[in-house]
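If you read the sequence from its start, that first residue is 1, and numbering goes on from there.
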Amino acid sequence: MATRQIDYATEEAQPVPVTAEEGEPIELKRTYCKVCMTSCGLVAEVAGDSKILKVKADPQHPITQGYSCPKGRATGQIYHLDHAITRPMMRKDGALVEVSWEEALDDIAVRLRRIIDEHGPDSVGMYFGSGLGLDSAGYSMEEAFYNALGTPPKFTPLTNDTTAKVMIAGTMAKFYGINPKTDYDNCQMVLYVGTNPMVSHAHNTGMFKPGNWLKAINKRGGEIWVIDPVRTETANFARGHIAAYPGRDYAVLAWIVREILADGPLDPHQPVKNLDKLRALLADYDRARAAEIAGVPEEQLQGLLDAIRRRKIVAIETGTGTGMSPGGNLTVWFAWLIMILTGSMNVKGGTWIHPGALFPFDKFVDHLPLLDSAFTPGSHVRPDVKGICGDWPCAVLPEEIEQGYMHALFNFGGHLFRSFPDVHALEAALPKLDLLVSTEITHNELSGYCTHILPTKSAVERNEFTRWDTLNWSVNLQYAPALVKPMGERRSAWWAIAQIMRRADLPVPNHVPTEHSDENDELMQSMLLANARCSWDELKEKRVVEFPRELPAPWVDRHFERTGGWELVPAELEAQWLQFRAEDEAMLGKRKPLVFTSRRQRRKFNGQIDFLGEIADCLIHPDTAAEHGIADGQQVRVSNKSGEIVVTAKVDPTMRPGICSIPHGHKDANVNNLTCAHDMDPLGGMAHYSAVPIAIEPV
């Protein structure tokens, strides 16, 4: 069969209109959204097990209660995209052509075995992308493949999203699983730093109906505060909005920590370590200095402190807006310090710590692994940059290839060009791989570099459950059967990975079946519920199982008894604070450079769903626009040492002057052209996607 050659550099996948044929059976099927971690309940109108005609919110869903956003309602359009991949593809004579599963798997296995034998298993890299990240059985086989190779280079969205929260949990609580969430039922004060839940549903919080929750806080007399250079939709609900300079949010929070230590409210509910050391570290960090570094009036800092003192308990949520910036670690550190010192952790009206549904932390609290260090070894090319959870920084991938360390890459559902930094470095490095295998259902820019593409079942073609349970809104698990039959010859990801392993003579876990089927999909998934709060049969029967939680939760206090308390001053963060403070103070009295900061859009999700019509715009204050000769609606060139993009100027008087806000995930205006593979956080390897210096001019 001939395969149409696609210009991957210019052609963007678009939805294909679908209609039911006359007499074709139509069925309403309940499911949940698999675009983000909110997992909203949906009802899909399905024709003949192959067409998704319409999707709407499920009013009977016990958690999300009839809410969904445009992204979830686009589930059918996401499925019915042109450029769909329905058969395995393999590069022959320079062109990708369709082949059988047998030919593709055999060829991958032969090449993989040769690479392992000649260069060792560490020459094989893996990207645990979001595409298979939500495939619970597929992800478990990725892990088995990784372990069978002996833990080779591992890349995940963590170092493209934000490592800070995981790092802070590991360094301050000695356990990555400590995940504070706002007690929205009772909170009297919430501070959002670099996050806009009205659009993003909060960063890994799963916040449905965000407007309702924000209105409820105000209705009961509570306070919402926002630190963000953009006056976001969330800021419109806020009593106070502080437009801090991007990447320097921590200056505001550091001063507040100092004031809490000096005059309260100081009332930690768990044991703490190194309180006096923290006090000495911030003793001379005065308000005027903090305000100038953050680029905001002193009165705004005082207003936020006064609010905390009025309320005494405060929940603070941070997001990618700050986590993607050079100062992200410090911002999250000081945010957690405020909550710890005010006694807002694990308390009614403050935060609750997710106890896990798949693996109940409370039942195994005395056996939870305590970390000696939150950091793991770095990469070959940047050993000075620490790893997190065994991850290597995504930013080092091109150099690992260029220097001959990596010869094969398995991309499991990732959109490399729209998520990895430094597009130009990727474009130069990827052709030098001997093997580049991608699991994908539609063509994108990476297709032109792949040696093989394997079409694995999409989120609506397989039975699935919510594996990443601690990112959920509550303690719950959800299950949904497939909406449609697999398109063409798409097969289960776990099966494809296991087949590669078997054919390359790598050990496969004994429980993994040799044949692919819906029954074996569920067998693989059910294995993951061995310690869960409910059985697989109960989850399948009820579809949504929600579990009660305690607040305060005794297991949390027990955990900190084991650790000796919160580590207030981790050595690595102390060193980074001293470095940044010296740099900040050297810049006092000087003009801050023009930078861009990242932003999410309501009708788009990272590199997906371009077809809903969001444009790559650039929010800019009128004064900044005038300074650079820019008019509203004009095409402008944004550039720096890494590259350039063209976006549409949107003059907005509510913006902070001196910055540009640009959404990420666009193909033709990819902000990764403005990022650099060498600019990354030395603690964890988070690439800098925000607070990046730029120049801007009319096209």
Side-chain angles (χ1 to χ4, degrees), residues 69 182 184 187-203 205 207-253 256 291 294-308 310-311 314-325 327-328 331-332 335 338 595-603 614 617-624 650-664 690-691:
C69 77
T182 300
Y184 278 100
C187 61
Q188 290 294 315
M189 182 176 178
V190 182
L191 170 61
Y192 296 106
V193 187
T195 186
N196 181 18
M198 284 297 295
V199 169
S200 66
H201 303 92
H203 182 246
T205 296
M207 186 182 190
F208 69 100
K209 291 186 178 178
N212 287 18
W213 292 104
L214 299 181
K215 290 175 185 176
I217 295 170
N218 288 332
K219 186 175 182 180
R220 60 175 172 259
E223 298 184 47
I224 298 168
W225 285 71
V226 170
I227 300 179
D228 200 305
V230 181
R231 184 163 183 87
T232 62
E233 296 87 338
T234 300
N236 291 332
F237 290 87
R239 176 176 294 193
H241 172 219
I242 301 174
Y245 184 73
R248 292 301 182 265
D249 320 83
Y250 60 77
V252 176
L253 304 183
I256 287 175
V296 296
E298 290 185 50
E299 294 74 17
Q300 292 187 350
L301 274 66
Q302 188 63 51
L304 177 57
L305 175 63
D306 292 344
I308 292 173
R310 276 195 304 273
R311 301 297 176 176
V314 56
I316 307 178
E317 296 195 13
T318 58
T320 54
T322 185
M324 289 179 168
S325 75
T331 298
V332 178
I338 291 171
V595 297
F596 90 84
T597 184
S598 63
R599 169 167 46 94
R600 282 197 166 103
Q601 295 174 301
R602 184 181 301 277
R603 300 174 67 83
E614 294 282 16
D617 56 12
C618 172
L619 303 183
I620 186 170
H621 188 273
D623 292 347
T624 309
K650 184 175 181 180
V651 177
D652 183 348
T654 69
M655 283 285 297
R656 177 196 168 94
I659 70 158
C660 298
S661 174
I662 305 173
H664 59 260
S690 193

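Between Cys69 and Arg602, every side-chain heavy-atom pair lies at or beyond the 4.5 Å cut-off. Counting heavy atoms from C-beta outward, Leu301 and Ile256 have side chains that stay 4.5 Å or more apart.
For the pair Trp213 (side chain) and Phe208 (backbone), a donor-acceptor distance under 3.5 Å is present. Put simply, the side chain of Arg231 never gets that close to the backbone of Thr654: no donor and acceptor are under 3.5 Å apart. Counting only distance, with no hydrogens or angles, the side chain of Thr232 and the backbone of Ala235 share a donor-acceptor pair below 3.5 Å. Side chain of Asn196 to main chain of Arg600: no donor-acceptor pair is present (N/O by atom type, distance under 3.5 Å, no hydrogens or angles). Of the possible donor and acceptor atoms, one in the side chain of Thr234 sits under 3.5 Å from a partner among the backbone N and O of Met198. Between the side chain of Arg220 and the main chain of Cys187, a donor-acceptor pair closer than 3.5 Å is present. Judged by distance alone, the side chain of Arg656 and the main-chain N or O of Gly295 form a donor-acceptor pair under 3.5 Å. Panel note: side chain Glu614, backbone Arg603; a donor-acceptor pair is recorded below 3.5 Å.
Separation of atoms CZ (Arg311) and CG (Asp306) is listed at 12.5 Å; rounding is to 0.5 Å. Between atom CD1 of residue Ile242 and atom CG of residue Asp249 there is a gap of 10.0 Å, rounded to the nearest 0.5 Å. One distance of note links CG of Leu214 with NZ of Lys219; it measures 14.5 Å at 0.5 Å rounding. Here CZ of Arg310 is found 7.5 Å from CE of Met189. Values are rounded to the nearest 0.5 Å. Put simply, CG on Asn212 and CD1 on Ile217 are 11.5 Å apart, with the number rounded to the nearest 0.5 Å. Note: Leu304 CG to Gln300 CD = 9.5 Å, rounded to the nearest 0.5 Å.
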- Report the C-alpha distance between Met655 and Val230 in whole Å, list the side-chain angles of each, state the deciding distance to 0.1 Å, and finish with yes or no for side chain to side chain contact (heavy atoms under 4.5 Å, CB included). CA-CA 5 Å; Met655 283 285 297; Val230 181; 3.7 Å; yes
- Message: side chain to side chain contact (heavy atoms under 4.5 Å, CB included) for Thr322 and Tyr250? Distances and angles first, verdict last.
- Response: CA-CA 9 Å; Thr322 185; Tyr250 60 77; over 6 Å; no
- Yes or no on side chain to side chain contact (heavy atoms under 4.5 Å, CB included) for Asp617 and Gln601, after CA distance, side-chain angles and deciding distance? CA-CA 10 Å; Asp617 56 12; Gln601 295 174 301; 4.0 Å; yes
- Could you go step by step and tell me if Arg599 and Asp228 meet the salt bridge (Lys or Arg N to Asp or Glu O under 4.0 Å) rule? CA-CA 11 Å; Arg599 169 167 46 94; Asp228 200 305; over 6 Å; no
- Message: As a quick check of understanding, evaluate side chain to side chain contact (heavy atoms under 4.5 Å, CB included) for Leu191 and Ile227, giving each step before the final call.
- Response: CA-CA 8 Å; Leu191 170 61; Ile227 300 179; 3.9 Å; yes
- Message: For Thr597 and Ser661: C-alpha separation, side-chain torsions, deciding distance, then whether side-chain hydrogen bond (donor to acceptor under 3.5 Å, both in side chains) applies.
- Response: CA-CA 5 Å; Thr597 184; Ser661 174; 6.0 Å; no
